[in-house]
K.L.:
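Questions regarding the structure given below will be posed in turn.
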Amino acid sequence: MRQAWITGHGGPDKLVLRESPDPQPTRSELRVRVKASGVNFADILARLGLYPDAPKPPMVVGYEISGAVDAIGPDAHRDWIGKEVFGIVRFGGYSDSVIIPEDQVFEKPSSLIHEQCVALLVQYLTAWQLLVVMGSLSSDDTVLIHNAGGGVGLAAIDIARHIGATIYGTASIGKHDFLKSRGVHEAIDYVNRDWTQEVSRLSQGRGVELIIDPLGGHHWKKSLKALRHTGRLGMFGVSTATVSALPGPLRLIPIGLRMPLFNPVGLMNKNRSVFGVNLGHLWHETGKLRSWMRALMQGVTEGWIRPHVDRTFPLESAGEAHAYIEARRNIGKVVLVA
Ligand SMILES: NC(=O)c1ccc[n+]([C@@H]2O[C@H](COP(=O)([O-])OP(=O)(O)OC[C@H]3O[C@@H](n4cnc5c(N)ncnc54)[C@H](OP(=O)(O)O)[C@@H]3O)[C@@H](O)[C@H]2O)c1
């Protein structure tokens, strides 16, 4: 098999293609010949040494694959052989062949291509958890989606639009027209401007009911302040850590120092709540993930879930795919094709 390895912490040039013998499934595992692998921002954090959950280099990252089953373990259902599937793996997805437990795969819908299927996994599941499961978004609410042009952002737009909420989204300015075409009511440039003033102006000083924030550090403080009474803040990433001039994991220090400290009495008196989401810590809850995916698949059938693939790169160009996202050029999913 061919895999894109991260050979050490550093720049995109640390991604190198290597070959090794095909893996063999055991127990109830399946082997999938991969057509498409999803790239996530977490993969970039792992390459930079900023993702504590990632294995140490040399490592193969990648949470999402889509392809066809070509071998099964002795305890797996025989029906899987030859089936087109997509699924979520705990690292190792930047490969043209992966071993995956049976309960982490889903049958590929015929209406989607493999590249779209990988967009449905981490990013849509995360958005579902943020908006529906923990954020309780309703049609009367306004939601602020930070990083709205990323994969989670576009997924959140689909879900919020279906719920009927008013949608504000922050993104680099070149993405605003596209975001409006997807259903964002107000697009906000957060790179060159103070987004809090914009949110205050748009909401006549009231703030918004739900904010989903993967920026981290002082942005979480700002997001907390931008909540309306009864508002909820969902924190789920530290995107801003990548731009620091500090080396390696030291980049996390300013992020940590500038995080808010939550005061229970303050939250109580302002009728606000805060919550965290880390899909990578839900491997023991595959039942929940499967039920969320069923709801998303219903959305695919009904047409309100619209996984958007921005660009594909060959597996051997995984470094270019990382550089493309870090340059803030992607709108939606970036995919590696084997
Ligand atoms: N906790 C979880 O379970 C979970 C799951 C999935 C994702 N996440 C987090 O959610 C965030 C977005 O993930 P994604 O997969 O949607 O991303 P993505 O599709 O890879 O898109 C990333 C986008 O983030 C913006 N960006 C790039 N560098 C940035 C920086 N230094 N600071 C702020 N924004 C930057 C850029 O868009 P703009 O400049 O246009 O905004 C870029 O296009 C990441 O922080 C990721 O780690 C967390």
Side-chain angles (χ1 to χ4, degrees), residues 12 38-48 50-54 61-64 88 90 118-131 133-134 144-158 168-179 182 184 187-193 195 211-220 223 234-246 251-252 254-255 275-283 285 288-289 292 307-311 313 318 321-336:
V39 179
N40 281 284
F41 205 80
D43 308 342
I44 291 165
L45 296 174
R47 198 202 70 226
L48 289 165
L50 301 176
Y51 189 35
D53 291 349
V61 295
Y63 279 125
E64 305 156 324
I88 192 157
R90 198 170 192 174
V118 291
L120 268 182
L121 290 158
V122 170
Q123 293 167 330
Y124 272 89
L125 287 169
T126 302
W128 189 263
Q129 187 180 349
L130 283 161
L131 265 56
V133 180
M134 298 181 79
L144 172 65
I145 301 170
H146 283 305
N147 264 179
V152 178
L154 288 195
I157 293 166
D158 276 358
Y168 299 170
T170 63
S172 300
I173 196 153
K175 302 177 185 177
H176 288 194
D177 286 346
F178 179 79
L179 291 177
R182 293 286 288 197
V184 166
I188 301 169
D189 172 11
Y190 67 164
V191 179
N192 302 305
R193 302 187 54 182
W195 60 264
I211 301 183
I212 62 167
D213 188 337
L215 303 171
H218 70 292
H219 282 277
W220 288 343
S223 288
M235 295 161 291
F236 68 109
V238 289
S239 300
T240 49
T242 59
V243 288
S244 166
L246 292 167
R251 294 172 195 220
L252 292 173
I255 297 281
F275 62 92
V277 161
N278 189 341
L279 199 76
H281 287 203
L282 283 179
W283 296 102
E285 293 279 14
K288 279 190 195 291
L289 301 186
W292 303 347
H308 176 76
V309 177
D310 175 84
R311 203 172 148 182
F313 292 83
H322 278 208
Y324 182 72
I325 294 173
E326 283 175 279
R328 297 172 173 259
R329 290 174 63 196
N330 68 308
I331 307 186
K333 194 70 183 170
V334 173
V335 178
L336 302 175

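Counting starts at 1 for both ligands and their atoms, in listed order.
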K.L.:
State whether a side-chain donor-acceptor pair under 3.5 Å links Trp195 with His219.
P.N.:
yes
K.L.:
In ligand 1, which numbered atoms sit nearer than 4.0 Å to a non-hydrogen atom of Leu279?
P.N.:
2 (C), 3 (O)
K.L.:
Of the protein's non-hydrogen atoms, which lies at the shortest distance from atom 5 (C) of ligand 1, and what is that distance?
P.N.:
Thr126 OG1, 3.2 Å
K.L.:
Heavy-atom pairs closer than 4.0 Å: do any link ligand 1 to the side chain of Lys333, the backbone, both, or neither?
P.N.:
neither
K.L.:
Check ligand 1 against Pro214 and write out every atom of the ligand that is under 4.0 Å from a heavy-atom position of the residue.
P.N.:
10 (O), 11 (C), 45 (O)
K.L.:
Between Asp310 and Tyr324, does any side-chain donor sit less than 3.5 Å from a side-chain acceptor?
P.N.:
yes
K.L.:
Between the side chains of Asn192 and Asp189, does any donor sit under 3.5 Å from an acceptor?
P.N.:
yes
K.L.:
Quick one: does ligand 1 sit under 4.0 Å from the side chain of Lys175, the backbone, both or neither, non-hydrogen atoms only?
P.N.:
side chain
K.L.:
Taking 4.0 Å as the limit for heavy-atom contacts, which would you say applies to Val122 with ligand 1: side chain only, backbone only, both, or neither?
P.N.:
side chain
K.L.:
For Ala171 and ligand 1, answer yes if some heavy atom of the residue is under 4.0 Å from a ligand atom, otherwise no.
P.N.:
yes
K.L.:
Nearest protein heavy-atom contact for atom 48 (C) of ligand 1: which residue, which atom, what distance?
P.N.:
Phe236 O, 2.9 Å
K.L.:
Considering only protein heavy atoms, which is closest to atom 34 (N) of ligand 1, and at what distance to one decimal place?
P.N.:
Asn147 ND2, 3.2 Å
K.L.:
Going by heavy atoms in the side chains, are Leu179 and Leu154 under 4.5 Å from each other?
P.N.:
yes
K.L.:
Which residue holds the protein heavy atom closest to atom 22 (C) of ligand 1, what is that atom called, and what is the gap in Å?
P.N.:
Phe41 CD1, 3.6 Å
K.L.:
Using a plain distance cutoff, I'd like to know if Gly150 has any nitrogen or oxygen under 3.5 Å from a nitrogen or oxygen of ligand 1.
P.N.:
no
K.L.:
To which protein heavy atom is atom 19 (O) of ligand 1 closest, and what is the distance rounded to 0.1 Å?
P.N.:
Gly151 N, 2.8 Å
K.L.:
Would you check the N or O atoms of Ser239, main chain and side chain alike, for any that come under 3.5 Å of an N or O of ligand 1?
P.N.:
yes
K.L.:
Kindly indicate, with the supporting measurements, whether the criterion side chain to side chain contact (heavy atoms under 4.5 Å, CB included) is fulfilled by Met235 and Phe275.
P.N.:
CA-CA 6 Å; Met235 295 161 291; Phe275 62 92; over 6 Å; no
K.L.:
So for ligand 1, is Val152 a polar contact partner (N or O within less than 3.5 Å, distance only)?
P.N.:
yes
K.L.:
May I ask you to test the Tyr63-Leu121 pair for a side-chain heavy-atom distance under 4.5 Å?
P.N.:
no
K.L.:
Any heavy-atom pair between the side chains of Leu282 and Lys288 that's under 4.5 Å?
P.N.:
no
K.L.:
Would Ser172 count as a polar contact of ligand 1, with the cut-off being nitrogen or oxygen pairs under 3.5 Å?
P.N.:
yes
K.L.:
For ligand 1, which is the ligand I care about here, please tell me if Gln123 has any N or O atom under 3.5 Å from one of the ligand's N or O atoms.
P.N.:
yes
K.L.:
Could you tell me whether Asp158 and Arg182 have a side-chain N and a carboxylate O separated by less than 4.0 Å?
P.N.:
yes
K.L.:
Could an N or O of ligand 1 be found under 3.5 Å from any N or O of Gly280, whether backbone or side chain?
P.N.:
no
